[in-house]
Every structure is written in structure tokens, then in C-alpha cells.
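I have placed the structure first, in the form of C-alpha cells, so that the comments after it can refer back to it.
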Amino acid sequence: MLVIPAIDLKDGQCVRLRQGRMQDATVFSDDPVSQARHWVEQGARRLHIVDLNGAFAGTPVNGEIVASIARCFPELPIQIGGGIRDLDSAHFYIDAGVRYLIIGTQAVKNPGFVRDVCEAFPGKVIVGIDAIQGKVATEGWADVSELEASEVVAQFYGMGVVAVVYTDIARDGMMQGVNLEATAALAAHSAIPVIASGGIAKLADIVDLQEASRNKDGGGILGAITGRALYDGKLDLRECQAYCDAEC
């Protein structure tokens, strides 16, 4: 299982939100490239980047910063989400050297777009599913639908989607622990591997997810995204990844 540090971009800065609220942001760095370098030096094998402004605007806003990170660390797989709602945006990121595209809002509102991106960029597409109280949210978490996460994911079987990032919005940035039950249930019932996100606060959360990843039903748990816990020093990236490597 991969432990994946997160960089959330708002107005050109690295921030962490609480429960997706743009007005409740903590700035951790005004130099995203240096922040990416820090995680690389700590042994990151993949980087999760979200363009928060882009998620609300519906188009990339911090795209040039993401491109700069990709240029500086060409061997580092980067997955980017936030505002990818047309093929031009997808082309921009792939041309910039980003490895994976996370399709969130469009995956819910226009599933055919996911097929189009999968066809244009085979092996590059991740679907982002953000849920609150079990219901899928879109538009930067501003709109909550009546759809269950498993319903949305099932639409993409056979399209070539390589993973699903599942975020529990209520846990995100709150340091209250991962929603293990919901994440493990989605992984067990999905044919696509799941990347857990939201609430990871301590090594015990990584241990629980690693243990759940042993379940061979469904696509399993591929990785865990963590942000605030790393920035606050509650988690050590090297220690967490070493644990996962030893237990795989």
C-alpha cells in the first residue's frame, strides 16, 4: 500500500481545509515546489495534488504550479484533481508530465467524459468520489447528490479507470481517523482499486488500512492519502511507508 502525501493548492499556496470548507484553510507553505521537494526527500513514491480553486471554478487555476512540480520531479508519479472537466484540461496536465488525472465532478455528472479521457489517455485516469454521510458530493463538495459511492463507481467498470480516490468529507482535515468501514466496504465491492482519503491521523489508521488491503475481494486498497497529519508532524512518511512495505 502506498502512503501518498497531499498538496492542496489555493491561491498559489499549500493549504489544508477542514471538511472541504474554503473559508477554513490553514496555510502550510507559500512555495508548493519546495513542499513537493520535502515529500520527495521523505521518500514519497506518489504525490496527490488538488487544485482547490479549480474544483470550484470548473477549470484549472493553479495548473502552472502543478506543471512546475512535474518538471522539477519528472520521476515522481503525480495524481492531480480539481477542475478537470474537459479534454483540453486533461491534455494540459498530461503534456506537463502529470501521471494520473483525477476526474471528480464530471465523473458523477457526465460519466461519458470518463470514457473519453480513458480512451485518450489509457492507464491515466482515476475517479474521485467524495462523500458525506454516504452521499456523493460534487462541485468542490458544494453540491450533495442522492447517489451512493458504490453506485457511481460501478458505472466505470471496464472503462480502464485505474483507481478510485474515496474521500470521507466529514473526516477530511479533522484528524479524527479514517472511515475504515466505508472505505473497506467500497474496496470489497468495487472491481477498481481504492485509494483512501480523509481523516488519517495516526499510524494506527495506516495499520488498519493496510490490514484491510489484505482482503482479496474487489479491487482492494491501493493507497492512503494523508495531509494534515503529515504537516502537523503526527505522522512520519518514512515510518508509515516502511510499515506498509514490511507488511505487504
Side-chain angles (χ1 to χ4, degrees), residues 4 6-15 17 20 22 32 36 46-71 73-74 76-131 135-147 149 151-167 169 172 190 192-195 197 225:
I4 308 170
I7 291 180
D8 289 356
L9 298 172
K10 177 178 182 284
D11 303 332
Q13 298 176 310
C14 299
V15 306
L17 306 185
M22 288 287 273
R46 185 184 293 198
L47 192 63
H48 176 78
I49 304 179
V50 178
D51 180 352
L52 294 171
N53 299 110
F56 284 90
T59 189
V61 174
N62 294 286
E64 291 301 333
I65 295 174
V66 179
S68 295
I69 294 172
R71 283 195 298 270
F73 310 102
L76 177 68
I78 293 172
Q79 55 187 52
I80 173 67
I84 303 174
R85 300 182 194 174
D86 55 50
L87 283 174
D88 285 344
S89 299
H91 272 285
F92 169 80
Y93 282 124
I94 294 298
D95 289 346
V98 170
R99 184 76 57 87
Y100 301 107
L101 306 166
I102 303 174
I103 312 299
T105 292
Q106 283 290 72
V108 178
K109 295 192 169 183
N110 181 15
F113 176 67
V114 174
R115 178 180 288 106
D116 292 343
V117 182
C118 285
E119 290 176 353
F121 306 106
K124 303 287 188 180
V125 178
I126 294 172
V127 167
I129 301 295
D130 307 321
K135 302 300 183 181
V136 174
T138 60
E139 305 290 349
W141 301 353
D143 294 341
V144 181
S145 72
E146 290 301 313
L147 295 171
E151 295 179 73
V152 177
V153 174
Q155 300 175 82
F156 305 113
Y157 296 168
M159 282 191 189
V161 172
V162 297
V164 172
V165 172
Y166 177 70
T167 303
I169 298 171
D172 190 70
S190 168
I192 304 171
V194 171
I195 299 173
S197 176
I225 296 167

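No experiment lies behind these values; they were computed from the predicted model shown. We use all heavy atoms of the structure for the numbers below, so side chains are in, but hydrogens, waters and symmetry mates are not.
Residues Val127 and Ala107 come closest through the heavy atom pair CG1-CB, 3.9 Å. Residues Pro77 and Tyr100 share a closest heavy-atom pair of CB-CE1, 4.3 Å. Here the closest heavy-atom approach between residue Phe73 and residue Ala36 is recorded as CE1-CB, 3.8 Å.
When side chains are defined from C-beta on, Val125 counts as touching Ile103, because their heavy atoms get closer than 4.5 Å. You'll find the side chain of Phe156 reaches within 4.5 Å of the side chain of Pro111, heavy atoms only. Residues Ile126 and Leu101 fail the side-chain proximity criterion, which asks for heavy atoms closer than 4.5 Å. With contacts defined as side-chain heavy-atom distances shorter than 4.5 Å, the pair Ile195/Val164 does not qualify. The shortest distance between side-chain heavy atoms of Val136 and Ile129 falls below 4.5 Å. Within the 4.5 Å cutoff, the side chain of Ser190 has no heavy atoms near those of the Tyr166 side chain. Residues Leu87 and Val117 are in side-chain contact: their nearest non-hydrogen atoms beyond the backbone lie under 4.5 Å apart. Within the 4.5 Å cutoff, the side chain of Cys14 has no heavy atoms near those of the Asp8 side chain.
The ring pair (Phe, Tyr, Trp, His ring centres under 6.0 Å) contacts involving residues 101-128 comprise His91-Phe121, where partners must be two or more places apart or lie in separate chains.
Rounded to the nearest 0.5 angstrom, Ile4 CD1 and Ser197 OG are separated by 9.0 Å. Taking CD1 of Ile225 as the reference point, atom OG1 of Thr167 lies at 6.0 Å (rounded to 0.5 Å). Taking CG of Leu76 as the start and CG of Leu47 as the end, the distance is 5.5 Å to the nearest 0.5 Å. Between the NZ atom of Lys124 and the CD1 atom of Ile94 there is a distance of 5.5 Å, given to the nearest 0.5 Å. Within the model, atoms CG of Asp11 and CG of Asn62 stand 7.5 Å from one another, a figure rounded to the nearest 0.5 Å. The CD1 atom of Ile192 lies 9.0 Å from the CE atom of Met159; values are rounded to the nearest 0.5 Å.
With hydrogens and angles disregarded, a donor-acceptor distance shorter than 3.5 Å links the side chain of Asp86 to the backbone of Ser89. Without hydrogens or angle criteria, Asn53 side chain to Val61 main chain gives no donor-acceptor distance under 3.5 Å. When atom types are taken as modelled, the side chain of Asp51 and the backbone of Pro60 share no donor-acceptor pair closer than 3.5 angstrom.
A donor-acceptor contact closer than 3.5 angstrom links the side chains of Gln79 and Arg46.
The neighbour count for Arg99 CZ, taken as heavy atoms of other residues, nucleotides or ligands under 6.0 Å away, is above 12.
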(request) Would you sort out whether Leu9 and Val50 count as a side-chain contact (heavy atoms from CB on, under 4.5 Å), showing the intermediate values? (result) CA-CA 6 Å; Leu9 298 172; Val50 178; over 6 Å; no
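In summary, of the residues considered (Ile80, Ile102, Val98), a side chain to side chain contact (heavy atoms under 4.5 Å, CB included) with Ile49 occurs for Ile80 alone.
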